[in-house]
Structures are given as structure tokens and as C-alpha cells.
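Report on the structure given below.
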Amino acid sequence: MTSTAPAPAPSFDPRVLKAPHPVPGAPNNWRRFLSFNTDAKVIGLQYMITSLFFLLVGGLLSMIMRGELITPAADLVDPTVYNGLYTMHGTVMLFLFLFPILNGFNNLLIPPMIGAPDMAFPRLNAAAFWMVPVFGVILMASFLVPGGPSGAGWWAYPPQSIQNPLGHFLNGQFLWILAVALSGISSIMGAVNFITTIIRMRAPGMGWFRMPIFCWTAVAAQAIQLIGLPVLTAGAVLLLFDLSFGTSFYRPEGGGDPMLYQHFFWFYSHPAVYVMVLPVFGIFSELFPVYARKPLFGYHVVAIASFAITFLSLIVWVHHMFYSGTPQWMRNLFMVTTMLIAVPTGIKVFAWIGTLWGGKLRLTTAMLFCLGGVFNFIFAGITGIMLATVPVDIHVGNTYFVVGHFHTVIFSTITYGVFAGIYHWFPKFTGRMMYEGLGKLHFVLTFIGSQLTFLPMHAAGLLGMPRRVASYDPEFAFANVLASLGAFLLGVATIPFLLNLVSSWVRGEKAPPNPWHAIGLEWLLPSPPPAENFEDDVPTVISGPYGYGLGRPLVEDEQRYVAKAASAASAATGGA
Amino acid sequence: MTATTPTPADLPAQPAAHGHGHGDHTLTGFVIFLLSESVIFLALFAGYAIYKTSSPLWLPPGVEGLEVAMPLRFTVVLVSSSGVIYLAERALHRGRLGEFRAWWLLTMAMGTVFLVGQGLEWAGLPFGLGDGVYGASFYLLTGFHGLHVLTGVLLMGLMLARSFRPGNYDAGSVGVTAVSLFWHFVDVIWVVLFVLIYVWQR
Amino acid sequence: MTTASPSPGRSPRLWGVLLVLLAVLADLAASFWMAAASHHWLPVPASAAAAPVDNLFALEVGIGSFIFFGCSGVMLWTLLFNRAPKYDLDNGDPIEGNLKLEIVWTLIPLVIVMLIAWKAIDVSTTLSTLGGKVRVTGGHGAMHGAEGPAAALEAADDPAAAEPIEVIGRQWSWEFIYPNGVHSSELHLPEGQRSYLRLSATDVIHGFFVPAFRLKQDLIPGSVIDYSLIPTRAGRYRLRDSMFSGGYFSSNQTDVVVEPPEQYAAWLEQALAQPLRPAANAATDLYAQRLARGDRGWATVPPAPPPLVHVSADPAASHEG
């Protein structure tokens, strides 16, 4: 295989990584998921399974919350219990469901998409994963300590979060900070790994502008982790000292300032939403071309817009503090920066719609979730602009309008994208097809459920219902009944999903290497791919991604790779 | 030694165990990590500056400020150790293992002197961690930095021990380069910290 | 979309243009309708801030609806007319982009959001509700802040201004102290005048939120924040704690009573004649019930003792918004 085209980025020599498998003799059955396995694909599935478990935990918490909120009075659970439930719901969903599941996608997708055999640091990768169950257990353990888990919200604003009513050293808030800190360390380890992998281990010929958008968004998102998380860590360390060692960083009595925490917290936690949404933008950008049978509209601009979002996301945090006594000039400044984010995100949305236009749409479950996700995201983007507008935010800020907006982003966009990604890549990484019928049922229930849950929240918020309440005035009852019914429907919607996942994995139809006729390096591999992907036969990339209908091969000698994957598949079938 | 991408020719000679062949990635990853780590300090520095300029209660009652002369001496020790660790690296480059170990050990000693100096200063101060936002910031910043110095010294000890393993540097000396980078980083952070805490007192 | 050619029938271009025109008109009509409807989604307007905020919101609803219906309409179109038949494995038109279109859809959103931002700055400037903020030490800042910089700031704001009403937030009660010394746990304000408030919190952060006023401002322990607003409609409205404040956060609400100035003055007089007594307080009652049931539930600090007031809020009174 002689390289004829000048390779723009011969960034790595595959033979460097031809080292033996880091853990020789690792089990090759389900037990590998319980071991310190350093194979990115095993780690990716470990992330996926763990985070889907915590999706159920977080979902269960939200069911209890919606049960409480179905009537105006706090009658199902005590208000203090409600506070703990909503705190844990938010924390579990963010730190134990969304971050880990997106890291699962990173692990599964990045190496095959760029033609690398594994991550740059396989052992670091495994260590980063195994911290997830550790801090998951720590967080769950806080249900058992005296006084219950943290009841300060996932913002944990001081001085409320450092009040420590029982005075014990080991309290729910302490465990909460510990868990969040460990999650931060795990995320930093992951971020170093993903970025190094993408910078240094791309296949020959894969220059930056031949890279799939998912990899672009991964770099953009992980860069936020590297810049933002340390700031949250600093804020959390000060919080821990105030809580446990009697310092006064956030206590006004000792000259401290509770507002500093808000700056530290939001400097990371606003961009954190982009850490989650960027990879989902990546998933949308991968899937629309496949199921619309068209190249991604405006690939270059979409790629660069990811970094525009990264940059802007780091200079908008004060929009969470418009009513905290922030001076007018600062509010105006941060309103303008926040609104600017609409431009790169708008570019992406229009690019997806441009991709659909004149395509040949195939409405698979994955495509339905993409379409639904983008539809919801346009709505969330518009309410986002409203929230960025200072005078409007002063009315709707800290009300259910924000809860509705946030969940339309976090659930109806990001989680839809996660579902789409699962339906799309499940065959690739398990070697089995999922059942389309159950998938479509899952989509329909989820779509109805999410509108029913989150739309009424906007209405309640506009009328002035504060967020985080365990009880409310009777005028908000109707909206809350609808939202509760919707939430229960979402709970029901997970049943066909889980059924589908388990039964497909156990006895689903065997997946061919490229069931969706997609273009991309990962689809040139057998399903599931071998431990080191292309091993020492890494293809040379000769064109950009998404060449649907352009009749150009993606890699040199493409037919040979297709044939190789097909024969590996038939060999596997014969053997089994 | 900076990142030298192994040419295909010397690949077969590489010992495959322990992932030493990933040298080029290791340094990239380590630099990315250090950039991220520096943001923690940046955040803490910003917090300190905000407290110092805005807090209605700053120095605890009876505290005039910090003495500068002694800390300055220890600062000189720490900062000059950056030069010493460079000498150690250069010696290793030239294959003089004994000289490397001597300079390396001297760097460790200078780091330890700095830590002892800081411990002595802490012991003699009239305020504690609980004394307002000033006491809290002072101990947190110097303590967090001190933790980094300690980590640096321990890592150096590890590298020193490894240097006695035969054939340790056949695959390159990325570990030494990384630790040395870390040490420079710790020194630069201290210089900023010193200016913030000791020089900017009025 | 200039490449639109829905069907290869007679003069497809003309039909295409007509169709697009019709769609844009329908979108415009729907957006205007949404903007007009948006006024009904909000509580009664009871302060000078309500009209400008509601209009700004309506503008955003209108623009947002146009974009939302436009984008989802195009998506629906592709769903209906660009579906691949079941066994059709063909590709769509291999269009990789269109520079002109990409520039247009970068610039138009930019112009729109900057327009909204400019309108918003205009509204904020005319409202100018937020006064100065002064850091004080100690949990209860109000006592320290009465003289000194806060007073100076207020004097600069409006020399003719009366002394402010102290608003104190606690876990979980509200206390209002009027310049003539009246203490109350419901807030009385004169209609049609700018009222000056001085916000402080004794324990944790609270939020002063009156939906009917469209206004919200946090109370921050260790700070004294000057705030002002103009109630414009007599009535009884809800004041809610909008910043999560722990255990019985959701019970931390009271009423704002806006009344004509003469009535307000009379109320102040009458109130002063009343004896001071502990205010009725929902959190205290709930906490007592909890203790009676064996203190089950998760940890919470006990509620602060209810403030001693001349006039207590009436939990049975009905509010308008």
C-alpha cells in the first residue's frame, strides 16, 4: 500500500501502537465489563451500561418528585425530602448519566472514526471510567448518612449549602462535594485522553477538515472541560473548606462573599451544558447525512461553529446572576455575549435543515430521534434567547420557565441525541440489530411524554411559579398535573427501550458491517470491530466525510476494506 | 528531551512493555493536563484578588501583614531549583547518569528546603485557617501550592529510583521531561503567588 | 431555498415562488397571533415594569414563533415530500453547501439578536430598579447599612426620596420595616409612586419576586441592596422567595398589597397603633408538625423565630397574581 496522495497529517505511525494488548488474557465474555479492561470499546460499553443504570435511578427520583407535585400541598413527601430528591435527581442525571454516557460515545466512536486502535492512554482511560462507579456509590451512600443527602440543589449555593444542620462531619453535602470532585477528576482525565487521541492518532490522510463532525465536537466539548472544570474544582474546594473546616470563603461574617461561589460555579456549569450538547450536535451531524442520503450541508462552517460555541460558552456565565445584584453594565455585556451563541448554534440548525432539504429521508428510529431532537432544540434555543434578555429573565429567571427550558435542552435535545446515537451505533458495537418496532414505540412515547412534561412548565413559570418548590399555590395546579402525567409517560417510555436493548443484545439479528449504508471509517470495520480496530492495516483517508451521492471513495482501496469486514462477519457467523 | 517521534526504523528495538513507546502522546497529554491545572490556580488567584479588593474584613484583628524577608529567601531557593533541574536534564541528555542523579537530588533537596521553610512560616504566624477570609485564603493558596511542591519532590524520588533500573532510558526519558516540566510549572505558580500574597500587601 | 423545485410540473419556478410566499405569509400571521396571545400567558400587570417587559416578551415570542414555525415547517415539508420509498437505496442531491446561504443565515440571526439586545438594554435603562450594593459584615446587614455609603447612594439616586422600606429575608419568613417604625409581614406599597426598598438577608440568599410586578432581586447575606419599583395597580399580589433557601423554601411566600397613597398612609397610621406580636408563619407551623410526628424527614435548620410585627400577613386572603 503505497501512499500516492500527499498525506496532510501523517500524525501517527500505526506501528507505534502495535504494542501487545495492555491487559493480555483479559476475559472475552461479559466478565470483561467487570474488569479493569483497557480496551476503549469495552470501556465505552462500561460507561454506557453504568450511565443507563443511573438514568433509571435519576428517572425514579423524578417520578417521586412529580408525584409530590401533582397536588399543590407537600403531602407525598416532607419538603426536606423533596429538596434532597431534586438535588440528587439533578446531580445523578448530570454527573452519572449524561457526562458518562457521552464519554461512552467518545470511547466507542473516536478511535474507530479516526482509525486509531485505541485511546492514547488506555490505562488512564480505564481509571477514569472506574471512578464513575466509585463516586456513584459515594453519592448513593449519602442517602444513608444521618440527615439524608444534600438538599441544596445541584448548584449548592452557599451559605445554604454550608449550613450543615446536624453538625456531623460526614454529611450528605460533604459526600456530594466529594462525588462532584471525583467526577471532575475523572472528566479531566477523560478530556486529556480524548484530545490527545484526536490530535495525535488520526489515520494517514485524515487532516482536520477530513475529520467527522463528531470528533470536532468532541474536541470542542473536551476543551471546555479542561478550561472550565478547574474553576468549579477551585470553587468546590473552598466550599468544602467552609463546610468542613470552618473557613469563611463564602461566609459574610468572616468577610467572605457568597457571590464568588456563583461566579466559580457558573463559569463551569453554564459551559457544562455545551459539553453535553456539543457531542449531541456531533451525533446529529453524523446521522442526518446518513438518513437523508446527502452530504452535510456546509461541513466546514459546522466544524468551525463548534469552536465558536466553545469560545463563547466561556464568556457568558453571568447570565445566571442577572438578579443577584449584578451591575447593569455587566448584565448588558453578558446578555450580548449570550445572545451571540445563537449565531453558531443557528448555523448548525440551518445546516441540518439544509441537509434534509432535497434528501431521501429514511425514518429509522435513530432518524426520528434526530428530527425530534432538533425540533425541540429550536424551541429551546428560542426560550434561551428569552432567558438571555435581561428584563425578561428578571421575570422568568428561577421559575419553572427555566426548568422547562433546561429540560428541553437536557432531555428533549441531548437525551434524544443520545437515544439516536444508541439506535444508530448499537449494531456496530454489539454486532446485533435493534428492533425497529420497539424503537419507534419508544420514540412516540418519548416525544409525547416530553412535550406533555416540559411545555406546561414554561406556562407555570411565566405565571410566576418558582423552581425547586415542594408545594405551590393552587393556580399552578393544572400545569403541574399535566407535567406529572407527562413524566409518568416518560417513565413508561423507557420500558420498550430497555426491552429493546436487552433482547436485541441477547438475540437480535446479526448486524452486517454497515447496516445503514453509512460513510465513515467505523463502518469499514466488522460489527463488532476487533479489539484494535484496523490493527496494522489502517486505511489512508483520501476524501472528506459525508460523500453521499458524490461517488468518491473515503479511503484508498475502499473495496478491500469492505470485503475484509464482510468476510470477518461471515467468518464470525460461521464460527458461532 | 523534547518529544521525538520514533522513526519506523527504531521501532522494532523498542521494549513494548509498560507503554513506553507512547512517549510522544505522554508529553502531549501531560502538557494539556498542566494547562488545565494552571486554570485552578488562575481561579484561586482571581478569587484572592477579588477578596483582597472587595472584602470589608481583610486582615484579622491584630495582624499587620506578612514578613517578606524569610519567604523571599525560600523563594530564591525554589526558583533557582528550576535551573538545577535543567542541568540534571542536560546531563541525562549527554548520557552522564551520575551527574544527572546529583543535580536531580539537589533539586529534590531544594524543594524540601522550600517546604520546610513554609512549614516554619506557618508555625510562626499569629492567625489560622479560621481567621476570616484572609487566613483562609492564605493557608489555602500556600497549602495547595505546597501540595504541588511535595508532589514534585515525590515524583522526582520515583524517577530517581527508576534511574537505577538497567535500560530504563533505552526508550527515552519522557518521565524525566514531564517531571521537570511540572517542576517549572510549580515554580512559575509560586512566583505569581509570592507577588500576590507577599508583595501586594498594601 | 433557491434550489426549491417541488415538482417537475408546469412552470415549477412560479409555483415554487408562490408557495414560499404563501408559507411566509402564513408564518407571519401565526407569529403575530402568538405575540398577541403572549400577553395572556403572564400574570396581571401591576408595576411600571410590566408593560415594557411584556412588550419585549411579545416581541421575542413573535420573532421566535416565526423562526420556530419556519424551521419546523421546512422540516415537515422534507418529511412529507422528501421521503425515500421503502426499497430505494439512492442518494439525495449531493449538495455540499452554499456559501451565500450560509452567510445569510449567519448574518440574519446576528442582526436579530443584536436588535433584541438593544431593545432589552433600552428597557432595563428605563426601569432602573437596581440601586447600589454595599458589602457589610455580619449576617444582618440592615442595621449597619442605614448610615454611610448606602444612604449616600440613595440620596444620589433621588434627593426627594423618602427613607426606604427595609425588606429582610429569613429562613423562612419576610419582614418589612417602614420608615415610621411599622413592622409587618406583608408588604404594603402606595400605588403610582416609586417605592424604595432596602434588601438584606440574615442567613442565606433569598429572592424577592413579585410575578405581577415582573421584578425579582436576590437578597444576599452580607450585602445591602437598594432597590426601587413603581406599583401601578391596586390589589393583592404574591411575593415569593425565588432563590432556593433550604427546608421550607416553598412556604416562604407572602403578599404585596398595593393601595392608593391616602389609604397607604392611613394603613401606616393604624398599623402603628397595633401591638407587636409574632407573625403568622407557615414554616414554623410545618416544622412544629414535623417535630410532633417525631422529626422524621431529612436534615434542616429550624425556622428562624417569626418576626414581631404590627400587621401579620393574612394566609386566607386571596391574591390576584
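Letters go in sequence order (proteins before strands), and every chain restarts at 1.
- Interface remark: L89(C) contributes backbone and side-chain atoms alike to the contact with chain A (heavy atom separation under 4.5 Å).
- Salt-bridge annotation for R290(C) and D295(C): present, with a side-chain N of the basic residue lying under 4.0 Å from a carboxylate O of the acidic one.
- Between R331(A) and D393(A) no salt bridge is recorded (no basic side-chain N to carboxylate O distance below 4.0 Å).
- Classified by interplanar angle (parallel below 30°, tilted 30° to 60°, perpendicular above 60°), the ring pair F244(C)/Y86(A) is perpendicular.
- F375(A) touches chain C through backbone and side chain together, each having a heavy atom under 4.5 Å away.
- Of residues 204-214 of chain C, those residues with a non-hydrogen atom less than 4.5 Å from any non-hydrogen atom of chain A are, in numerical order, V204(C), I205(C), F209(C), P211(C), R214(C).
- Near-neighbour residues of residues 544-551 of chain A relative to chain C, defined by a heavy atom under 4.5 Å from a heavy atom of that chain, comprise Y548(A), G549(A), L550(A).
- For P258(A), the part sitting under 4.5 Å from any heavy atom of chain C is the side chain, from C-beta outward, and nothing else.
- Proximity to chain C (any heavy atom under 4.5 Å) is shown, for Q173(A), by neither the backbone nor the side chain.
- Only the backbone of L296(A) comes within contact range of chain C, judged by heavy atoms closer than 4.5 Å.
- Proximity to chain C involves both the backbone and the side chain of N398(A), based on heavy atoms less than 4.5 angstrom apart.
- When heavy atoms are compared at a cutoff of 4.5 Å, P158(A) approaches chain C solely by way of its backbone atoms N, CA, C and O.
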Solution key, residues 81-88 of chain C side-chain donor-acceptor pairs under 3.5 Å, sequence neighbours excluded:
unit_1: D88(C); atom_1: OD1; unit_2: D90(C); atom_2: N; d: 2.8
unit_1: D88(C); atom_1: OD2; unit_2: K360(A); atom_2: NZ; d: 2.7

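- For chain C, the nearby part of W155(A) is the side chain; its heavy atoms alone come within less than 4.5 Å.
- Using bins of under 30°, 30° to 60° and over 60° for the plane-to-plane angle, the ring pair F297(A)/W105(C) lands in the tilted bin.
- Considering only residues two or more places apart in sequence or on other chains, Y82(A) meets the side chain to side chain donor-acceptor pair (under 3.5 Å) condition with none of them.
- For V396(A), the part lying near chain C is the backbone, with the side chain staying farther off; criterion is any non-hydrogen pair under 4.5 Å.
- Interface remark: M335(A) contributes side-chain atoms only to the contact with chain C (heavy atom separation under 4.5 Å).
- Of the atoms belonging to I162(A), not a single heavy atom falls under 4.5 Å from chain C.
- Contacts of I382(A) with chain C are made by side-chain atoms alone, with heavy-atom separations under 4.5 Å and no backbone atom involved.
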